[in-house]
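What follows is a short report on a single structure.
Start at 1 with the first residue, then count along the sequence.
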Amino acid sequence: MAATEATRSTRLRAWMLEGLSDMGKGGDHTAPRPEPEPGPVSGSAHRGQPWWRVMCLTGVDYFSTLGYQPGIAALAAGLLSPVATVVLVIVTLAGALPVYRRVAEESPHGEGSIAMLERLLTFWKGKLFVLTLLGFAATDFLITITLSAADASTHLVENPHLADALHDKQVLITLVLIALLGAVFLKGFLEAIGVAVALVAVYLALNAVVVVTGLWHVVTEGHVVTDWSTALTAEHGNVFVMIGVALIVFPKLALGLSGFETGVAVMPHVQGDPGDTEANPKGRIRDTKRLLTTAAVIMSVFLICTSFVTTLLIPEKEFEAGGSANGRALAYLAHDYLGNTFGTVYDISTIAILWFAGASAMAGLLNLMPRYLPRYGMAPHWARAVRPMVIVFTLIGFLVTWIFDADVDAQGGAYATGVLVLISSAAIAVTIAARKAGQRNWTIAFAIISVVFLYTTVLNVVERPDGVKIGACFIAGIVLVSLLSRLARAFELRVTSVELDDVAERFVRDIAHRRIRFVANEPGSRDSTEYREKIEQIRHDNDVPLAEDVVFVEVTVTDPSEFEAGLTVRGEVLHGRYRVLTLESSSVPNALAALLLHVRDRTGGIPHIYFEWTEGTPFANFLRFFLFGQGEVAPVTREVLREAEPDRARRPRVHVG
């Protein structure tokens with residue numbers, strides 16, 4: 001019985017952690033470990049898809065905003081909704097599109113603008129900056145999941161055939177939709193793009209029917225346009241006032257910009273050309289630009305048309321909370337002008353694509369988070385696997401839905417804030433990239449675009465501060481969990497590989513014929529006196545015989561905020577007699593432990609290393625180790641070795657005098 005339970009537990013663990021690389025838990029401690037490609041696809045290797053099919057994968061997020069965008073625009077801008085939407089389209093085509101076409105060039109592997117900015121900042125300030133952007137990205141993607149599911153449930157609850165049966169069940173339906181989304185990803189997501197193509201094709205076709213019908217009614221009922229223009233003039237006076245007000249209110253329509261970050265996140269799925277390489281994927285970059293441009297043009301046409309027909313044909317009170325068009329303006333027109341049968345078909349299509357928009361966002365999260373947090377040591381080992389992260393994101397989705405009571409309008413501010421912060425960061429990133437490339441005209445253009453998006457972001461935050469508050473909660477959560485995880489993983493080996501140059505190899509081969517003794521030395525002036533006094537001190541403190549040979553080991557700390565990397569060991573002879581191995585690493589104890597284990601595995605002997613105690617309190621020294629990679633080196637080295645090698649007989653020896 002116990003054996004059966006153990007077998008089931010092992011199978012469950014293997015299924016949950018499928019595709020996860022071993023990070024040095026036993027075996028070869030310093031062998032290179034391949035990075036798994038994070039993302040929703042498990043099983044066979046991904047071969048890429050034509051760009052127009054991948055466009056549908058990002059389109060389920062981008063195009064699905066038509067389900068609620070016209071209603072939000074009408075609430076935010078009122079009669080000015082079509083004018084404000086035109087401003088939004090100009091910002092889309094002249095601002096966001098050029099920015100993300102450049103992001104596709106600079107970051108063609110799906111990391112997006114965050115990776116571009118990461119390269120500009122080092123040390124802990126760079127990590128904290130990336131964590132902040134990841135917080136806003138999490139806000140964007142997670143609110144996409146919850147808001148889309150909430151709007152899907154709104155379409156279901158407001159359907160005339162189901163309204164009585166599903167009344168007051170919106171939160172429950174939203175939770176079920178999020179749970180189903182998580183279940184799909186736990187099962188595997190091999191057919192995601194094929195499903196997305198079908199959903200997008202049907203949804204856009206149905207929207208085209210609704211738009212054409214709406215435009216027909218606008219044309220045939222001439223008084224509609226007259227009534228609208230008269231009311232607009234009475235409310236705002238003249239065209240210049242209208243444009244000015246539209247410029248002020250258009251940031252509230254920022255949800256219509258939501259598809260760009262997802263567009264670059266799915267770049268690894270784009271097929272490109274047969275000659276593409278990971279270092280130079282020209283075909284993938286070209287086709288991703290086509291993807292972004294085509295999606296932006298299609299969405300721009302629909303945004304203008306849907307805003308126009310919904311504003312002119314739907315009574316203003318129906319857009320308000322509790323109204324029949326709240327969160328479902330186009331569905332309202334579909335039922336009103338094309339009958340409940342067509343309206344129900346439209347509802348089903350909208351529910352499906354809104355639910356699947358959550359799938360696109362989940363794919364973005366699974367592509368983004370594992371690229372950074374585990375690499376920073378700021379997530380548990382299992383965070384590299386897809387399924388555990390799906391469970392985490394699904395549970396967070398439940399929490400967000402419960403907090404917002406599945407209210408579409410209440411989540412709009414947080415969603416818009418996440419979208420705008422990411423677009424603003426992308427605009428700044430490409431401005432810096434253009435400046436570094438010496439492209440003066442592009443630098444000026446991108447700088448102007450950056451100002452526009454920063455203005456939009458600030459205005460959105462002022463108007464809807466709840467968005468930045470929610471984003472701050474995500475940021476605080478990510479930073480707290482990341483630091484706790486980094487603290488818990490502080491004593492991991494953290495070295496992915498060890499390479500010795502020819503001189504270092506010769507040193508190791510030579511000392512392998514006798515007891516292997518290393519002396520840890522913090523390099524100072526590196527004159528002969530320093531090394532002579534160090535040897536005398538070690539021999540005095542540890543009773544090492546005079547005849548015994550030693551090799552010095554010196555570690556230079558590079559960027560202490562980095563978590564794991566390869567280790568290159570160089571050998572040199574100083575002053576004609578002292579053999580020294582030099583290393584560069586983010587942490588002194590972890591680098592020394594990796595070297596000792598590597599030498600043991602190469603020679604079969606058990607290395608000994610000698611330290612002197614570091615002055616200072618234990619707590620202060622631990623903080624120095626955690627933040628700056630130094631501190632009390634000897635006991636931390638021993639602890640890293642203890643975790644990496646549980647067999648005491650095979651563990652390298654640490655001596656402190």
Atom pair OG1 (Thr306) and CG (Leu303), whose distance is rounded to the nearest 0.5 Å = 5.5 Å
Does the Thr443 side chain pair with the main chain of Gln439, one donor and one acceptor, at a distance under 3.5 Å?
-> yes
For the residue pair Thr58 and Leu291, establish whether any side-chain heavy-atom pair is separated by less than 4.5 Å.
-> yes
What's the spacing between Phe136 CZ and Ile143 CD1 if we round to 0.5 Å?
-> 12.5 Å
Could you give all pairs that pass the salt bridge (charged side-chain N to carboxylate O under 4.0 Å, His left out) test and reach residues 91-105, with sequence neighbours left out?
-> Arg102-Glu106, Glu105-Lys289
List for me each residue that meets salt bridge (Lys or Arg N to Asp or Glu O under 4.0 Å) alongside Asp287, sequence neighbours excluded, and say none if there are none.
-> Arg290
Sorted by chain and number, sequence neighbours left out, side-chain contact (heavy atoms from CB on, under 4.5 Å) with Ile432 holds for Leu120, Ile428, Lys436
Verify, without hydrogens or angle tests, whether Thr65 (side chain) and Tyr62 (backbone) share a donor-acceptor contact under 3.5 angstrom.
-> yes
What do the steps show when you test Arg328 against Thr350 for side-chain contact (heavy atoms from CB on, under 4.5 Å), and what is the final call?
-> CA-CA 9 Å; Arg328 54 185 299 276; Thr350 304; over 6 Å; no
Closest heavy-atom pair, Pro70 versus Phe319, reported as atoms and distance to 0.1 Å, is O-CE2, 4.5 Å
Which residues share a ring-ring contact (aromatic ring centres under 6.0 Å, His included) with Trp442, sequence neighbours left out = Phe446
Short question: side chain of Thr310, backbone of Ser307 - any donor-acceptor pair under 3.5 Å?
-> yes
Who pairs with Leu133 by side-chain contact (heavy atoms from CB on, under 4.5 Å), at least two apart in sequence or on another chain?
-> Ile114, Leu117, Phe129, Val421, Ser425
List for me each residue that meets salt bridge (Lys or Arg N to Asp or Glu O under 4.0 Å) alongside Arg435, sequence neighbours excluded, and say none if there are none.
-> none
Identify, with sequence neighbours excluded, every residue that meets side-chain hydrogen bond (donor to acceptor under 3.5 Å, both in side chains) alongside Tyr346.
-> Asn207
State whether the side chain of Ser148 and the backbone N or O of Ile145 hold a donor-acceptor pair below 3.5 Å, judged by distance alone.
-> no
Can you measure from CD1 (Ile178) to CD1 (Ile173) and round to the nearest 0.5 angstrom?
-> 12.5 Å
Shortest non-hydrogen contact from Cys305 toward Val211 = CB-CG1, 3.5 Å
For Tyr100, which residues count as a ring-ring contact (aromatic ring centres under 6.0 Å, His included) partner, sequence neighbours excluded?
-> Phe260
Verdict with reasoning, Arg284 to Asp273, per salt bridge (charged side-chain N to carboxylate O under 4.0 Å, His left out) | CA-CA 7 Å; Arg284 181 194 296 172; Asp273 294 333; over 6 Å; no
Could you check Lys282 against Asn280 for side-chain contact (heavy atoms from CB on, under 4.5 Å), going step by step and ending with a plain yes or no?
-> CA-CA 6 Å; Lys282 288 184 178 180; Asn280 188 24; 3.3 Å; yes
Is there a side-chain contact (heavy atoms from CB on, under 4.5 Å) between Trp52 and Thr294 once you walk through the steps?
-> CA-CA 9 Å; Trp52 57 271; Thr294 305; over 6 Å; no
What closest approach, in Å, do Ala104 and Thr288 show between heavy atoms, and which atom pair accounts for it?
-> CB-CG2, 4.0 Å
Taking every heavy atom of Ile449 against every heavy atom of Ala427, the minimum-distance pair comes out as CG2-CB, 4.4 Å
Could I get the full list of salt bridge (Lys or Arg N to Asp or Glu O under 4.0 Å) partners for Arg53, not counting sequence neighbours?
-> none
Under 3.5 Å side-chain donor-acceptor pair for Thr92 and Ser300 = no
Tell me, please, which residues at least two apart from Ala179 pass side-chain contact (heavy atoms from CB on, under 4.5 Å).
-> Phe398
Minimum-distance pair of heavy atoms, taken over all atoms of Pro82 and Thr311 = CD-OG1, 3.7 Å
Can you find a pair of side-chain heavy atoms, one from Leu142 and one from Val400, that are under 4.5 Å apart?
-> no
Euclidean distance, Tyr203 OH relative to Ile353 CD1, rounded to 0.5 Å = 6.0 Å
Closest approach of Thr431 to Ser450 (non-hydrogen atoms, all atoms of both residues) = OG1-OG, 3.2 Å
Mind checking whether Thr213 and Leu333 have side chains closer than 4.5 Å, heavy atoms only?
-> no
Euclidean distance, Thr293 OG1 relative to Leu93 CG, rounded to 0.5 Å | 9.0 Å
Roughly how far, to the nearest 0.5 Å, is CG of Asp140 from CG of Leu420?
-> 9.5 Å
Salt bridge (charged side-chain N to carboxylate O under 4.0 Å, His left out) contacts in which one or both residues fall within residues 82-92, not counting sequence neighbours | none
Flag side-chain contact, heavy atom, 4.5 Å: Gln69 against Leu88 = yes
Does some side-chain heavy atom of Phe308 sit less than 4.5 Å from a side-chain heavy atom of Val218?
-> yes
Backbone of Phe453 reached by a side-chain donor or acceptor of Ser424 within 3.5 Å | yes
Taking Trp51 for its side chain and Gln271 for its backbone only, find out whether a donor-acceptor pair lies under 3.5 Å.
-> no
Any side-chain donor-acceptor pair under 3.5 Å between Thr146 and Thr401?
-> no
Qualifying residues under side-chain contact (heavy atoms from CB on, under 4.5 Å), relative to Leu199, sequence neighbours excluded | Val195, Ala352, Phe356
